Trainee: 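Sharing a structure here in structure tokens format.
Computation of the quantities below employed the complete heavy-atom set of this structure, encompassing side-chain atoms and omitting hydrogens, waters and symmetry-equivalent molecules. Below, chain A is the first sequence line, B the second, and so on; all start at residue 1. Note that this is a predicted model, so its numbers are computed, not measured.
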There are 2 protein chains.
Amino acid sequence: MKLNNTSQYAIRIVAYIVQNGSKNKYNAKDISKKLSIPYKYLTKIMSLLVEGNIILSSRGREGGYNIAKELSEIKIGDILEAVKESLHQEECVLGNHLCNKMEKCILHDKWLFTKNSMQEMFKNTTLDDFIAKGVQR
Amino acid sequence: MKLNNTSQYAIRIVAYIVQNGSKNKYNAKDISKKLSIPYKYLTKIMSLLVEGNIILSSRGREGGYNIAKELSEIKIGDILEAVKESLHQEECVLGNHLCNKMEKCILHDKWLFTKNSMQEMFKNTTLDDFIAKGVQR
DNA sequence: TCTAATGACTACCTTAATGTAGTCATTGAA
DNA sequence: TTCAATGACTACATTAAGGTAGTCATTAGA
Ligand code: SF4
Ligand code: SF4
């Protein structure tokens, strides 16, 4: 039970940018070094974040990455979505074996509740929440 | 965010046994057919459940599997533990990058809360809970 | 204009989880 | 006492996630 590697990296990347000045521009090599994320893997993830409109990139000399919007507009959930983490509600504890609503098992509602609270958490946490407390790396 | 395949199978196997009579004995071939779990993969999982003292097995002709204890004594959490699903609390959202308690990030407590409620759910649900409602397959 | 510094793209490699094959060990029934 | 029906064990095959290599495209500055 955890987020996959790519999602974890993505959150750490964005958190890093937020904490070190969201107005600044960051290049792939530096981020890679600072966060110990393999360079090529990092750029792959960055492309996903760009595609998801969370990060802006500029190519060429003096290029780099920066945040695409206001911090308060970006939710953790958006990041996870950008890297295709599956958080879908309709997924059952036992995989995708969806049952009809009439004969649900004991775990159904309990799991849904937990799933919901997790989703709420990701939906309700925005990037500016990171500034105050800080993430250790 | 979901249980891995092996865990899902394990729960479905035990649920199947519970629903079809926990006093009866079941052989691998039948379970495999009924639940569409690859035969060899199934026997591998069964061995884990036997090792975890959830299932008893008897070899030889007329052999098979049956539940090792009273239904009320077996928790979903026990099944997950038997197949080595990692549910450990100390694991952070961002992997194993544990921070010191002084500078925890905004997700820390929220994640812990969710994690806890999930663990509680698994700890507090026993096999006899399955009987009443039934799991669709 | 040329070039070094950058990100984007494509294709491949590695690893861990999932799944399969073959054989051995045990046992009850004929 | 055989032997067919069973589970256990070992080793291999497949797949998907994670990670790497090489090259192309873009751009600011000399
Ligand atoms: S009833 Fe149980 S098995 Fe069926 S979809 Fe809900 S959680 Fe999954
Ligand atoms: S503070 Fe945040 S990053 Fe650090 S261990 Fe807790 S959840 Fe993980």
Side-chain angles (χ1 to χ4, degrees), chain A residues 1-13 17 24-68 80 82-87 94-97, chain B residues 1-14 17 24-68 80 82-86 94-97:
Chain A
M1 290 305 313
K2 61 177 179 186
L3 298 174
N4 65 34
N5 231 327
T6 303
S7 299
Q8 291 174 22
Y9 282 159
I11 295 178
R12 284 174 55 213
I13 291 163
I17 292 177
N24 301 334
K25 193 177 269 184
Y26 300 84
N27 68 56
K29 208 185 291 180
D30 287 349
I31 301 177
S32 163
K33 267 185 207 153
K34 286 283 174 51
L35 301 185
S36 309
I37 299 173
Y39 177 80
K40 292 285 188 175
Y41 193 14
L42 176 93
T43 60
K44 200 188 269 185
I45 297 171
M46 293 316 282
S47 298
L48 289 171
L49 292 172
V50 168
E51 198 186 321
N53 198 33
I54 289 167
I55 297 286
L56 293 177
S57 79
S58 39
R59 286 196 191 181
R61 195 164 173 166
E62 305 287 299
Y65 301 102
N66 54 290
I67 293 280
L80 297 180
V83 296
K84 332 242 191 257
E85 173 78 41
S86 111
L87 291 164
L94 309 182
N96 293 307
H97 299 267
Chain B
M1 289 306 311
K2 62 176 179 185
L3 298 175
N4 65 35
N5 231 327
T6 303
S7 299
Q8 291 173 22
Y9 282 160
I11 294 177
R12 284 175 54 215
I13 291 163
V14 180
I17 291 178
N24 301 335
K25 194 177 269 186
Y26 299 84
N27 68 56
K29 207 185 290 180
D30 287 350
I31 301 177
S32 162
K33 266 185 206 151
K34 286 283 173 49
L35 300 186
S36 309
I37 299 173
Y39 177 79
K40 292 287 188 174
Y41 195 12
L42 176 93
T43 60
K44 201 188 267 185
I45 297 171
M46 293 316 281
S47 296
L48 289 171
L49 292 173
V50 169
E51 198 185 322
N53 198 32
I54 289 166
I55 297 284
L56 293 178
S57 80
S58 39
R59 287 197 190 180
R61 193 161 174 169
E62 304 286 300
Y65 301 102
N66 54 289
I67 293 281
L80 298 179
V83 296
K84 332 243 192 258
E85 174 78 40
S86 112
L94 308 181
N96 293 307
H97 299 266

Trainee: Would you mind reading off the distance between B:Ile55 atom CD1 and D:dA8 atom C1', rounded to a whole angstrom?
Mentor: 16 Å
Trainee: So which one's nearest nucleotide on DNA chain D is more toward 5', A:Gly60 or A:Leu42?
Mentor: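 Its nucleotide being nearer the 5' end, the pick is A:Leu42.
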Trainee: Grab the CG-P distance between A:Leu48 and C:dG7 for me, whole Å please.
Mentor: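 After rounding, the reported distance stands at 16 Å.
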Trainee: Would you indicate, yes or no, if D:dT6 has its OP1 or OP2 atom less than 4.0 angstrom from a side-chain nitrogen or oxygen of B:Ser57?
Mentor: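 False: B:Ser57 side-chain N/O out of range (4.0 Å or more) of D:dT6 OP1/OP2.
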Trainee: Among the candidates D:dA28, D:dG18, C:dA8, find the nucleotide nearest to the side-chain atoms of A:Arg59.
Mentor: C:dA8
Trainee: Looking only at side-chain N and O atoms, does A:Asn5 come under 4.0 Å of OP1 or OP2 in D:dG19?
Mentor: yes
Trainee: Nearest to the side chain of B:Tyr9 - D:dG19, C:dG19, D:dG7?
Mentor: C:dG19
Trainee: Taking OP1 and OP2 of D:dA8, is either one under 4.0 Å from a side-chain nitrogen or oxygen of B:Tyr65?
Mentor: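 Checking D:dA8 against B:Tyr65, a side-chain N or O does come within under 4.0 Å of OP1 or OP2.
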Trainee: For B:Lys29 and C:dT20, give me the distance from atom NZ to atom C1', rounded to whole Å.
Mentor: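 For the pair B:Lys29 NZ and C:dT20 C1', the rounded distance is 16 Å.
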Trainee: Verify the distance criterion only: is there a donor paired with an acceptor across the side chains of A:Ser32 and A:Tyr41 at less than 3.5 Å?
Mentor: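 No, A:Tyr41 and A:Ser32 have no side-chain donor paired with an acceptor closer than 3.5 Å.
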Trainee: Given C:dT26, C:dT20, D:dA21, identify the nucleotide with an atom nearest to the side chain of A:Lys40.
Mentor: D:dA21
Trainee: What are the two closest non-hydrogen atoms of A:Ala82 and A:Ile54, and how far apart are they?
Mentor: CB-CD1, 3.9 Å
Trainee: Counting only side-chain nitrogens and oxygens, does A:Thr43 get under 4.0 Å of the OP1 or OP2 atom of C:dG7?
Mentor: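 So the side chain of A:Thr43 is outside the cut-off, no N or O lying under 4.0 Å from OP1 or OP2 of C:dG7.
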Trainee: Rounded to the nearest angstrom, tell me the gap between atom CD in A:Glu51 and atom P in C:dG7.
Mentor: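 That distance rounds to 18 Å.
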Trainee: Let me see the working for B:Ile11 and B:Leu3 under side chain to side chain contact (heavy atoms under 4.5 Å, CB included), right down to the final yes or no.
Mentor: CA-CA 10 Å; B:Ile11 294 177; B:Leu3 298 175; 3.9 Å; yes
Trainee: Mind calculating the distance between CE (A:Met46) and C1' (C:dT6) to the nearest angstrom?
Mentor: 13 Å
Trainee: Expressed in angstrom and rounded to an integer, what is the separation of B:Lys25 atom NZ from C:dT27 atom P?
Mentor: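 Answer to the nearest Å: 11 Å.
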Trainee: Rounding to a whole Å, what distance do you find between A:Asn66:CG and C:dG7:P?
Mentor: 11 Å
Trainee: Looking at the side chain of A:Lys44, which of D:dT20, D:dG7, C:dG19 is the nearest nucleotide?
Mentor: D:dT20
Trainee: Does C:dT27 have OP1 or OP2 under 4.0 Å away from a side-chain N or O of B:Ser58?
Mentor: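 Checking C:dT27 against B:Ser58, no side-chain N or O comes under 4.0 Å of OP1 or OP2.
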Trainee: A:Tyr41 has a side chain; which of D:dG19, C:dA8, D:dA8 sits nearest to it?
Mentor: D:dG19
Trainee: Got A:Ile55 and A:Ile17 here, is their nearest side-chain heavy-atom distance under 4.5 Å?
Mentor: yes
Trainee: Of the options C:dG28, D:dG18, C:dA4, whose atoms approach the side-chain atoms of B:Arg61 most closely?
Mentor: C:dG28
Trainee: Between B:Lys29 and B:Tyr39, what is the shortest heavy-atom contact and its length?
Mentor: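 Result for this residue pair: N-CE1, 3.7 Å.
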Trainee: Grab the CD1-P distance between A:Ile45 and D:dA17 for me, whole Å please.
Mentor: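 So the two atoms are 14 Å apart, to the nearest Å.
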